[in-house]
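Computed from heavy atoms alone, side chains included, the values below leave out hydrogens, waters and symmetry copies. So that the names make sense, note that chain A is the first sequence line, chain B the second, and so on, each numbered from 1.
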Amino acid sequence: NAGVMQNPRHLVRRRGQEARLRCSPMKGHSHVYWYRQLPEEGLKFMVYLQKENIIDESGMPKERFSAEFPKEGPSILRIQQVVRGDSAAYFCASSTAGTGGNTIYFGEGSWLTVV
Amino acid sequence: QQQVKQSPQSLIVQKGGISIINCAYENTAFDYFPWYQQFPGKGPALLIAIRPDVSEKKEGRFTISFNKSAKQFSLHIMDSQPGDSATYFCAALRYNFNKFYFGSGTKLNVKP
């Protein structure tokens with residue numbers, strides 16, 4: 001999973017600020033997924049993107065959260081006006097194609113702390 | 001509704017023992033079942049995976065047992081080592097859908 005690069009690894013934001021998390025998929029991967037992990041909990045799906053397209057955002061909160069995967073550059077998960085409940089680890093994963101028979105590989109995560 | 005239920009929440013095993021983690025799923029359309037291993041401060045890493053057309057898959061000390069009729073699958077870690085101490089997640093996927101459904105995780109502690 002070392003191939004999926006996430007930054008920053010750790011981010012501290014005050015309530016009301018914006019958090020931007022970046023993810024560069026493994027080489028050759030064009031599909032990106034974002035998952036959220038609350039302390040001592042499992043992984044919750046947030047969004048699935050291909051280049052320039054959001055394919056499935058059924059796990060994204062309706063407000064304040066957005067994601068993109070532009071033609072050039074990393075995928076971005078953006079959280080506006082952060083609240084304490086947004087404190088979590090955010091994991092990006094990538095795959096070569098859609099998950100039909102393909103597994104996903106995770107990055108090391110971005111740990112967001114809202115103070 | 002939780003699609004994949006995992007147990008136990010935590011597990012303590014002596015070095016050399018067998019660690020067993022169980023998962024049950026609801027959706028019979030799931031057709032890919034991976035297990036991920038996560039160390040503190042790290043991302044989950046794929047450990048082993050199985051498809052429902054086989055009942056068992058073994059890779060080294062790790063074995064997945066799959067019971068399609070019971071909609072259950074389990075991870076067995078033989079000769080458990082302290083280095084296996086980590087959190088283990090089972091997951092399930094439906095072909096051509098894009099969401100992996102993860103279990104809630106099992107924190108394994110292997111005592112030396």
> Do V32(A) and C92(A) touch side chain to side chain, with heavy atoms closer than 4.5 Å?
Replying inline: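 Yes - at least one pair of side-chain heavy atoms lies under 4.5 Å apart.
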>> Within the 4.5 Å heavy-atom criterion, are P8(A) and R22(A) side-chain neighbours or not?
In response: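 They are in side-chain contact.
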> Side chain, backbone, both or neither: which part of Q6(B) has a heavy atom under 4.5 Å from chain A?
Replying inline: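 Contact with chain A: none, neither part.
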> Contact part of Y36(B) toward chain A, heavy-atom cut-off under 4.5 Å: side chain, backbone, both or neither?
Replying inline: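 Just its side chain gets close to chain A.
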> Is it the side chain or the backbone of Q37(A) that comes within 4.5 Å of chain B heavy atoms, both, or neither?
Replying inline: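 Just the side chain, heavy atoms under 4.5 Å.
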> Are E59(B) and K57(B) ion-paired here, with the side-chain N under 4.0 Å from a carboxylate O?
Replying inline: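 A salt bridge links E59(B) with K57(B).
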> Of all of G41(B), A49(B), P34(B), which one pairs up most often with chain A through heavy atoms under 4.5 Å apart?
Replying inline: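 Max contact count across the listed options: G41(B).
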>> Any donor-acceptor pair under 3.5 Å linking the side-chain atoms of N67(B) with those of S65(B)?
In response: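 There is no such pair between these side chains.
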